[in-house]
Amino acid sequence: MASSGSSVGDKYRNLDEEEKKNTVWRFGQPPNYDIVNKLFEEGQTKVWPPGSLEEMVQNLTKTWEMELLHKARIEDFKLMEPNFIYSLNGRKGWSLEEVGKMGGGYNPHLQTSLPEHLRIYDPAVETSESSHRAFTTTFPRGFAIEIQKVYSGPPQIVYKFRHWGYMEGPFMGHAPTGELIEFFGIAIMQMSENNKLAKVEFFYDRGELLGQLVKGEKVEAKDGEIASTCPIMRSTG
């Protein structure tokens, strides 16, 4: 399952034109969030006042997700400290280098201790490209995130989030259902003295998400094979 303030070309993420030009992007070019922003605005359950703590945390989360998913080099990260740590469901924390070795993309968010033969989605075998392709195919309008409640502000930010999208494409060999797919969780962000992210911890049930994605009938081809030319490959939540 990312900076406060508006960004050039995107009112929810901090990404200026100079950064777009000087960054090495994982998928070859800067992401475009127009489609998922439309989904977000149509489906959000909370509209936070401009300048509020909740709005700041929501934009921070969206910017963080953008950096982690789309930036290919650690030196291009502006929001995270070099010694940043990511943790999922109380597991041992991972450095940015370790997250990169997982293939980046959605893989760090879907780590599991399940035996391989029981894994609906196996982050051990998916690459950043196949992972991103799978989810952009499944959610052609994007996979949006909103902050539903902020329990504490900086330097330790604790909040509840909601992630959602519509399953309008296949997922790992399962036909699309067209249904609203959503899940909820808690996140803890620790800010450093430099006002950057030192650590992020997420707590949620990956099965709550994946179980909803395999309700459709089995189809012959996997989603990644069907839509490798997905026109919104660059867009995410």
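For the single chain, residues carry numbers from 1 onward in sequence order. This structure is a prediction, so every number in the text was calculated from the model and none was measured.
Contact annotation: the side chain of Leu79 never approaches that of Phe84 to less than 4.5 Å [non-hydrogen atoms, C-beta and beyond]. Looking at heavy atoms from C-beta onward, Leu213 lies in side-chain contact with Met167 at the 4.5 angstrom threshold. Side-chain contact between Ile74 and Glu97 is present, with at least one heavy-atom pair separated by less than 4.5 Å. In this structure, the side chains of Pro123 and Gln111 come closer than 4.5 Å at one or more pairs of heavy atoms. A 4.5 Å side-chain heavy-atom check between Pro170 and Thr137 finds at least one atom pair inside the cut-off. Between Leu15 and His70, every side-chain heavy-atom pair lies at or beyond the 4.5 Å cut-off. Taking the side chain as every heavy atom from C-beta outward, Lys46 and Gln58 never approach each other to under 4.5 Å. With a 4.5 Å cut-off on side-chain heavy atoms, Leu209 and Ile181 count as touching.
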Quiz item: What do the steps show when you test Glu67 against Lys78 for salt bridge (Lys or Arg N to Asp or Glu O under 4.0 Å), and what is the final call?
Solution: CA-CA 8 Å; Glu67 287 205 335; Lys78 291 187 174 182; over 6 Å; no
Quiz item: What's the verdict on salt bridge (Lys or Arg N to Asp or Glu O under 4.0 Å) for Glu17 and Lys20, showing C-alpha distance, side-chain angles and the deciding distance?
Solution: CA-CA 5 Å; Glu17 291 301 325; Lys20 287 182 180 180; 3.5 Å; yes
Practice problem: Would you sort out whether Phe27 and Glu129 count as a side chain to side chain contact (heavy atoms under 4.5 Å, CB included), showing the intermediate values? | Solution: CA-CA 8 Å; Phe27 304 111; Glu129 289 78 11; 4.3 Å; yes
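The minimum heavy-atom distance linking Ala124 with Arg119 is given by the pair CB-NH1, 3.9 Å. Closest heavy-atom contact between Ile157 and Met56: CD1-CE, 4.4 Å. In this structure, Met102 and Pro108 approach most closely via the heavy-atom pair SD-CA, 3.9 Å. Pairing each heavy atom of Ile145 with each of His163, the nearest pair is CB-CE1, 3.6 Å. Contact between Met189 and Leu197 at its shortest, heavy atoms only, is CB-CD2, 3.8 Å. The nearest pair of heavy atoms linking Ile147 to Val150 is CG2-CG2, 3.8 Å.
Qualifying salt bridge (Lys or Arg N to Asp or Glu O under 4.0 Å) partners for Asp205, counting only residues two or more places apart in sequence or in other chains: none. With sequence neighbours excluded, the residues satisfying side-chain hydrogen bond (donor to acceptor under 3.5 Å, both in side chains) with Glu41 are Lys11, Tyr12. Pro50 pairs by the side-chain contact (heavy atoms from CB on, under 4.5 Å) definition with Glu55, not counting sequence neighbours. With sequence neighbours excluded, the residues forming a side-chain contact (heavy atoms from CB on, under 4.5 Å) with Glu201 are Ser87, Ile188, Lys199, Phe203, listed by chain and number. In terms of the salt bridge (Lys or Arg N to Asp or Glu O under 4.0 Å) criterion, Glu217 has no residue partners (sequence neighbours excluded). Annotation: ring-ring contact (aromatic ring centres under 6.0 Å, His included) contacts of Tyr166 (sequence neighbours excluded): none. In this view, Thr23 and Glu19, Trp25, Lys71, Asp76 satisfy the side-chain contact (heavy atoms from CB on, under 4.5 Å) rule, not counting sequence neighbours. Residues passing the side-chain contact (heavy atoms from CB on, under 4.5 Å) test with Lys38, sequence neighbours excluded: Glu42. Not a single side-chain hydrogen bond (donor to acceptor under 3.5 Å, both in side chains) links Glu75 to another residue, sequence neighbours left out. In this structure, the side-chain hydrogen bond (donor to acceptor under 3.5 Å, both in side chains) partners of Asn194, at least two apart in sequence or on a different chain, are Glu81. For Tyr121, the ring-ring contact (aromatic ring centres under 6.0 Å, His included) partners at least two apart in sequence or on another chain are Phe135.
Ring geometry, His109 versus Tyr86: the interplanar angle exceeds 60°, so the pair is classed perpendicular (tilted spans 30 to 60°). Aromatic ring orientation, Phe139 versus Phe143: parallel (interplanar angle below 30°, classes split at 30° and 60°).
With hydrogens and angles ignored, the 3.5 Å screen pairs a side-chain donor or acceptor of Thr136 with a backbone N or O of His132. Side chain of Ser131 to backbone of Tyr106: a donor-acceptor contact under 3.5 angstrom is found.
A continuous path of Ile, Leu, Val, Met, Phe, Trp and Tyr side chains, each step under 4.5 Å between heavy atoms, connects Leu53 with Val200, placing both in one hydrophobic cluster. The same ILVMFWY cluster, assembled from side-chain heavy atoms under 4.5 Å apart, contains both Val57 and Trp48. Ile85 and Met80 are members of different hydrophobic clusters when ILVMFWY side chains are connected at heavy-atom separations under 4.5 Å. Criterion: ILVMFWY side-chain heavy atoms under 4.5 Å apart, direct or through other members. Under it, Leu110 and Ile120 are part of a common hydrophobic cluster.
Within the model, atoms CZ of Arg26 and CG of Leu68 stand 7.5 Å from one another, a figure rounded to the nearest 0.5 Å. Within the model, atoms CE of Met172 and OG1 of Thr138 stand 9.0 Å from one another, a figure rounded to the nearest 0.5 Å. Atom CG of Asn22 sits about 8.5 Å away from atom CZ of Arg73, to the nearest 0.5 Å. Expressed to the nearest 0.5 Å, how far CG of Asp10 lies from CG of Asp34 amounts to 7.5 Å. The CG atom of Asp122 sits 9.0 Å away from the CG atom of Asn107 when rounded to the nearest 0.5 Å.
Residues Phe202 and Trp64 bring their aromatic ring centres within 6.0 Å.
A side chain to side chain contact (heavy atoms under 4.5 Å, CB included) with Trp164 is found for exactly one of Phe183, Phe184, Phe40, namely Phe40.
Within 6.0 Å of atom NZ in Lys196, more than 12 heavy atoms from other residues, nucleotides or ligands are found, so the atom counts as buried in its surroundings.
Under the salt bridge (charged side-chain N to carboxylate O under 4.0 Å, His left out) criterion, the residue pairs touching residues 152-164 are Glu146-Arg162, Arg162-Glu182, with sequence neighbours excluded.
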